[in-house]
Amino acid sequence: MKGLGRPFYARDALEVAPLLLGRTLVSESEEGAVTGRIVEVEAYCGPVDPASHAYRGPTKRNAVMFGPPGHLYVYFTYGMHYCANVVCESVGSPGAVLLRAVEPLSGLDLMGERREVDPASLRLLARGPARLTQAFGIDRSLDGSDLVGGPVWIGGRQVLRGDVVAGPRIGITKAASEPWRFYEVGPWASPRRLPVPGRPAARIVDEVNH
DNA sequence: ATTAAGATTGGCT
DNA sequence: GCCAATCTTAATA
(Lines give C-alpha, C1' and ligand atoms only; values in the text may rest on other atoms or scores of the structure.)
Protein backbone atom coordinates (compact mmCIF):
# COMPACT_ATOMS: atom_id res chain seq x y z
CA MET A 1 0.00 0.00 0.00
CA LYS A 2 1.12 3.50 -0.87
CA GLY A 3 1.41 5.63 2.26
CA LEU A 4 -0.49 5.56 5.53
CA GLY A 5 -3.59 3.37 5.71
CA ARG A 6 -7.07 4.37 6.77
CA PRO A 7 -6.75 3.22 10.42
CA PHE A 8 -4.00 5.76 11.01
CA TYR A 9 -6.47 8.58 10.49
CA ALA A 10 -9.34 7.01 12.39
CA ARG A 11 -8.57 8.59 15.78
CA ASP A 12 -8.72 11.95 17.49
CA ALA A 13 -7.33 14.88 15.54
CA LEU A 14 -5.26 15.82 18.58
CA GLU A 15 -3.60 12.42 18.46
CA VAL A 16 -3.08 12.35 14.71
CA ALA A 17 -1.69 15.89 14.44
CA PRO A 18 1.74 15.37 16.07
CA LEU A 19 2.07 11.96 14.44
CA LEU A 20 1.90 13.58 11.01
CA LEU A 21 5.03 15.61 11.69
CA GLY A 22 8.13 14.30 9.92
CA ARG A 23 6.13 12.28 7.38
CA THR A 24 6.24 12.87 3.65
CA LEU A 25 3.37 14.60 1.90
CA VAL A 26 3.14 13.52 -1.75
CA SER A 27 1.13 15.09 -4.56
CA GLU A 28 1.03 13.64 -8.07
CA SER A 29 -0.61 15.24 -11.07
CA GLU A 30 -0.16 15.52 -14.81
CA GLU A 31 2.30 18.33 -14.13
CA GLY A 32 4.51 16.01 -12.10
CA ALA A 33 5.12 14.95 -8.52
CA VAL A 34 6.12 17.04 -5.53
CA THR A 35 7.00 15.90 -2.02
CA GLY A 36 7.74 17.56 1.28
CA ARG A 37 8.33 16.67 4.92
CA ILE A 38 5.48 17.85 7.17
CA VAL A 39 6.83 20.19 9.85
CA GLU A 40 3.81 22.15 11.09
CA VAL A 41 0.14 21.24 11.63
CA GLU A 42 -2.87 22.36 13.64
CA ALA A 43 -5.67 20.22 15.07
CA TYR A 44 -9.30 21.33 14.74
CA CYS A 45 -11.53 19.45 17.11
CA GLY A 46 -15.01 19.60 15.63
CA PRO A 47 -17.94 20.15 17.96
CA VAL A 48 -15.86 21.15 20.99
CA ASP A 49 -13.74 23.66 19.08
CA PRO A 50 -15.28 27.07 18.27
CA ALA A 51 -12.49 27.67 15.75
CA SER A 52 -13.41 24.60 13.73
CA HIS A 53 -15.45 24.96 10.58
CA ALA A 54 -17.48 22.01 11.86
CA TYR A 55 -18.36 23.66 15.19
CA ARG A 56 -21.92 24.59 14.12
CA GLY A 57 -22.68 21.33 12.36
CA PRO A 58 -22.56 20.16 8.75
CA THR A 59 -22.75 22.65 5.86
CA LYS A 60 -22.09 22.35 2.16
CA ARG A 61 -18.51 23.52 2.63
CA ASN A 62 -17.49 21.30 5.54
CA ALA A 63 -19.38 18.14 4.52
CA VAL A 64 -16.16 16.18 3.99
CA MET A 65 -15.19 16.71 7.63
CA PHE A 66 -18.20 14.65 8.67
CA GLY A 67 -17.31 11.81 6.33
CA PRO A 68 -14.83 8.94 6.71
CA PRO A 69 -11.24 9.59 7.84
CA GLY A 70 -8.26 9.71 5.52
CA HIS A 71 -9.64 12.27 3.10
CA LEU A 72 -8.69 15.85 2.29
CA TYR A 73 -10.85 18.74 3.41
CA VAL A 74 -9.94 21.74 1.23
CA TYR A 75 -11.51 25.15 1.67
CA PHE A 76 -11.15 28.55 0.01
CA THR A 77 -10.55 31.66 2.07
CA TYR A 78 -9.72 35.36 1.88
CA GLY A 79 -10.91 35.38 -1.71
CA MET A 80 -7.67 33.86 -2.95
CA HIS A 81 -6.23 31.06 -0.83
CA TYR A 82 -6.81 27.35 -0.32
CA CYS A 83 -6.05 25.45 2.87
CA ALA A 84 -5.84 21.66 3.17
CA ASN A 85 -6.81 19.47 6.12
CA VAL A 86 -6.49 15.78 6.86
CA VAL A 87 -9.88 14.45 7.98
CA CYS A 88 -9.63 12.27 11.09
CA GLU A 89 -11.89 10.31 13.43
CA SER A 90 -15.03 8.46 12.33
CA VAL A 91 -18.07 9.26 10.23
CA GLY A 92 -20.07 11.97 11.97
CA SER A 93 -17.09 13.01 14.14
CA PRO A 94 -15.52 15.99 12.36
CA GLY A 95 -11.90 16.17 13.51
CA ALA A 96 -9.31 17.54 11.10
CA VAL A 97 -5.65 18.52 10.94
CA LEU A 98 -4.59 21.60 8.97
CA LEU A 99 -1.34 21.17 7.02
CA ARG A 100 0.59 24.37 7.69
CA ALA A 101 4.12 23.81 6.38
CA VAL A 102 6.45 21.27 4.82
CA GLU A 103 10.16 21.13 4.12
CA PRO A 104 10.34 20.82 0.31
CA LEU A 105 12.02 17.55 -0.69
CA SER A 106 11.42 16.96 -4.40
CA GLY A 107 9.72 18.63 -7.33
CA LEU A 108 11.19 21.98 -6.34
CA ASP A 109 11.03 23.38 -9.87
CA LEU A 110 7.33 22.56 -10.17
CA MET A 111 6.68 24.10 -6.78
CA GLY A 112 8.50 27.25 -7.81
CA GLU A 113 6.55 27.38 -11.05
CA ARG A 114 3.21 27.08 -9.27
CA ARG A 115 4.23 29.59 -6.62
CA GLU A 116 5.90 31.96 -9.09
CA VAL A 117 8.99 32.20 -6.92
CA ASP A 118 12.60 31.12 -7.29
CA PRO A 119 12.79 27.39 -6.42
CA ALA A 120 16.02 28.16 -4.61
CA SER A 121 14.05 30.21 -2.10
CA LEU A 122 13.10 27.06 -0.26
CA ARG A 123 11.21 28.74 2.54
CA LEU A 124 8.91 30.53 0.12
CA LEU A 125 7.75 27.30 -1.49
CA ALA A 126 5.57 25.58 1.08
CA ARG A 127 5.88 27.35 4.44
CA GLY A 128 2.38 28.53 5.34
CA PRO A 129 -0.92 26.72 4.68
CA ALA A 130 -1.87 28.58 1.50
CA ARG A 131 1.63 28.44 0.07
CA LEU A 132 1.65 24.71 0.74
CA THR A 133 -1.56 24.06 -1.19
CA GLN A 134 -0.35 26.21 -4.07
CA ALA A 135 2.99 24.40 -4.26
CA PHE A 136 1.27 21.02 -4.11
CA GLY A 137 -1.43 21.89 -6.66
CA ILE A 138 -4.25 21.46 -4.16
CA ASP A 139 -7.52 23.33 -4.71
CA ARG A 140 -11.21 22.73 -4.16
CA SER A 141 -11.28 20.07 -6.86
CA LEU A 142 -9.38 17.91 -4.36
CA ASP A 143 -11.88 18.46 -1.55
CA GLY A 144 -12.82 14.96 -0.44
CA SER A 145 -9.85 13.38 -2.21
CA ASP A 146 -8.92 10.02 -0.67
CA LEU A 147 -5.51 9.94 0.99
CA VAL A 148 -5.56 6.18 0.56
CA GLY A 149 -5.25 5.53 -3.17
CA GLY A 150 -5.68 9.12 -4.36
CA PRO A 151 -3.28 11.59 -6.00
CA VAL A 152 -2.30 13.09 -2.65
CA TRP A 153 -1.09 10.89 0.21
CA ILE A 154 1.21 10.74 3.24
CA GLY A 155 4.14 8.36 3.59
CA GLY A 156 4.56 6.07 6.58
CA ARG A 157 8.14 6.92 7.44
CA GLN A 158 8.70 9.57 10.10
CA VAL A 159 11.88 11.65 10.03
CA LEU A 160 12.23 14.33 12.70
CA ARG A 161 15.11 16.77 12.62
CA GLY A 162 14.25 18.79 15.72
CA ASP A 163 12.13 18.81 18.86
CA VAL A 164 8.37 18.70 18.44
CA VAL A 165 6.50 21.32 20.46
CA ALA A 166 2.92 22.52 20.82
CA GLY A 167 1.64 26.08 21.03
CA PRO A 168 -1.40 28.24 20.26
CA ARG A 169 -2.88 28.09 16.77
CA ILE A 170 -2.28 30.91 14.35
CA GLY A 171 -4.67 33.33 12.71
CA ILE A 172 -7.82 32.46 14.64
CA THR A 173 -9.89 34.53 17.06
CA LYS A 174 -11.87 31.79 18.82
CA ALA A 175 -10.26 29.29 21.19
CA ALA A 176 -7.02 31.10 20.43
CA SER A 177 -5.20 29.84 23.51
CA GLU A 178 -5.64 26.12 22.97
CA PRO A 179 -2.15 24.67 22.34
CA TRP A 180 -3.21 22.70 19.30
CA ARG A 181 -0.51 23.79 16.89
CA PHE A 182 2.29 21.23 16.59
CA TYR A 183 5.55 21.95 14.88
CA GLU A 184 9.16 20.88 14.61
CA VAL A 185 11.58 23.45 15.95
CA GLY A 186 13.81 24.57 13.10
CA PRO A 187 13.91 26.67 9.95
CA TRP A 188 10.91 25.11 8.19
CA ALA A 189 7.88 25.92 10.34
CA SER A 190 6.21 29.27 9.76
CA PRO A 191 7.78 32.01 11.88
CA ARG A 192 4.71 34.14 12.43
CA ARG A 193 3.26 34.62 15.85
CA LEU A 194 5.20 32.29 18.03
CA PRO A 195 3.73 31.79 21.49
CA VAL A 196 3.69 35.03 23.45
CA PRO A 197 3.47 35.71 27.21
CA GLY A 198 -0.03 35.19 28.55
CA ARG A 199 -0.56 32.27 26.26
CA PRO A 200 0.37 28.67 27.04
CA ALA A 201 4.05 28.02 26.58
CA ALA A 202 5.07 25.48 24.01
CA ARG A 203 5.59 22.08 25.54
CA ILE A 204 7.46 19.04 24.47
CA VAL A 205 5.30 16.42 22.87
CA ASP A 206 6.69 13.31 24.52
CA GLU A 207 4.93 10.71 22.43
CA VAL A 208 6.56 11.98 19.25
CA ASN A 209 9.89 12.98 20.75
CA HIS A 210 10.06 9.50 22.37
C1' DA B 1 -31.30 39.77 -0.06
C1' DT B 2 -27.71 41.56 2.57
C1' DT B 3 -23.62 41.49 5.12
C1' DA B 4 -19.50 40.55 7.88
C1' DA B 5 -15.76 37.67 8.69
C1' DG B 6 -12.32 34.80 7.29
C1' DA B 7 -7.50 28.36 9.84
C1' DT B 8 -3.51 34.21 4.58
C1' DT B 9 -0.13 36.41 2.03
C1' DG B 10 2.76 39.99 0.17
C1' DG B 11 3.99 44.66 -0.12
C1' DC B 12 4.97 48.89 2.06
C1' DT B 13 6.30 52.13 6.10
C1' DG C 1 4.32 46.40 12.28
C1' DC C 2 0.29 47.67 9.36
C1' DC C 3 -2.90 46.98 5.70
C1' DA C 4 -5.05 45.95 1.19
C1' DA C 5 -6.44 42.30 -1.87
C1' DT C 6 -10.44 39.41 -3.10
C1' DC C 7 -14.66 36.50 -2.92
C1' DT C 8 -16.89 32.50 -0.76
C1' DT C 9 -19.49 31.01 2.99
C1' DA C 10 -22.78 31.18 6.42
C1' DA C 11 -25.40 33.89 9.50
C1' DT C 12 -29.00 37.28 9.80
C1' DA C 13 -33.22 39.69 8.16
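Throughout, protein chains are lettered first and strands after them, A, B, ... in sequence-line order, and every chain is numbered starting at 1.
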### Task
Please state how far atom OH in A:Tyr75 lies from atom P in B:dG6, giving the value in whole angstrom units.
12 Å
### Those residues of residues 35-71 of chain A lying under 4.0 Å from DNA chain B by at least one heavy atom
A:Tyr44, A:Ala51, A:His53
### Task
Report yes if the ring of A:Tyr78 lies under 5.5 Å from the six-membered base ring of B:dG6 with planes under 30°, and no otherwise.
yes
## Note on the structure
With sequence neighbours left out, the residues meeting ring-ring contact (aromatic ring centres under 6.0 Å, His included) with A:Phe76 are A:Tyr82
### Message
Tell me the interatomic distance from A:Ile170, atom CD1, to B:dT9, atom C1', rounded to whole angstroms.
### Response
13 Å
#### Entry: Inter- and intrachain pairs under salt bridge (charged side-chain N to carboxylate O under 4.0 Å, His left out), touching residues 111-127 of chain A, at least two apart
A:Glu31-A:Arg114
### Message
With a 6.0 Å cut-off (strictly less than), is the heavy-atom count around CZ of A:Arg140, excluding the residue itself, greater than 12?
### Response
yes
### Task
Find out whether A:Tyr9 and A:Ile154 are in side-chain contact, i.e. whether some heavy atom of one side chain is under 4.5 Å from a heavy atom of the other.
yes
### Message
Nearest whole Å is fine: how far is B:dT9 P from A:Leu125 CG?
### Response
13 Å
### Task
Return the value, rounded to whole Å, for the distance between atom CZ of A:Arg100 and atom C1' of B:dT9.
11 Å
### Query
B:dA7 phosphate, OP1 or OP2: any side-chain N/O from A:Arg181 under 4.0 angstrom?
no
### Query
Contacts to DNA chain B from residues 85-95 of chain A, heavy-atom cutoff under 4.0 Å, which residues?
A:Asn85
### Query
Do the side-chain N or O atoms of A:Arg115 get closer than 4.0 angstrom to the phosphate oxygens (OP1, OP2) of B:dG10?
yes
### Message
If you assign each of A:Arg140 and A:Met80 to its closest nucleotide in DNA chain C, which residue comes earlier from the 5' end?
### Response
A:Met80
### Message
Need two values: the first and the last nucleotide of DNA chain C, 5' to 3', having an atom under 4.0 Å from any heavy-atom of chain A.
### Response
C:dA5 to C:dA11
### Query
Could you give the OH-to-C1' distance, from A:Tyr82 to B:dA7, as a whole number of Å?
16 Å
### Message
Output the rounded distance in Å from CZ (A:Arg127) to C1' (B:dT9).
### Response
12 Å
### Task
Anything below 3.5 Å on both distances counts as a pair; with that, list the stems of at least three consecutive Watson-Crick or G-U pairs involving DNA chain B.
B:1-6 with C:7-12, B:8-12 with C:1-5
### Task
Quickly work out the A:Leu98 CG to B:dT8 C1' distance and round it to whole Å.
11 Å
### Query
Hey, mind stepping through A:Ser106 and A:Thr35 against side-chain hydrogen bond (donor to acceptor under 3.5 Å, both in side chains) and telling me if it holds?
CA-CA 5 Å; A:Ser106 70; A:Thr35 71; 2.7 Å; yes
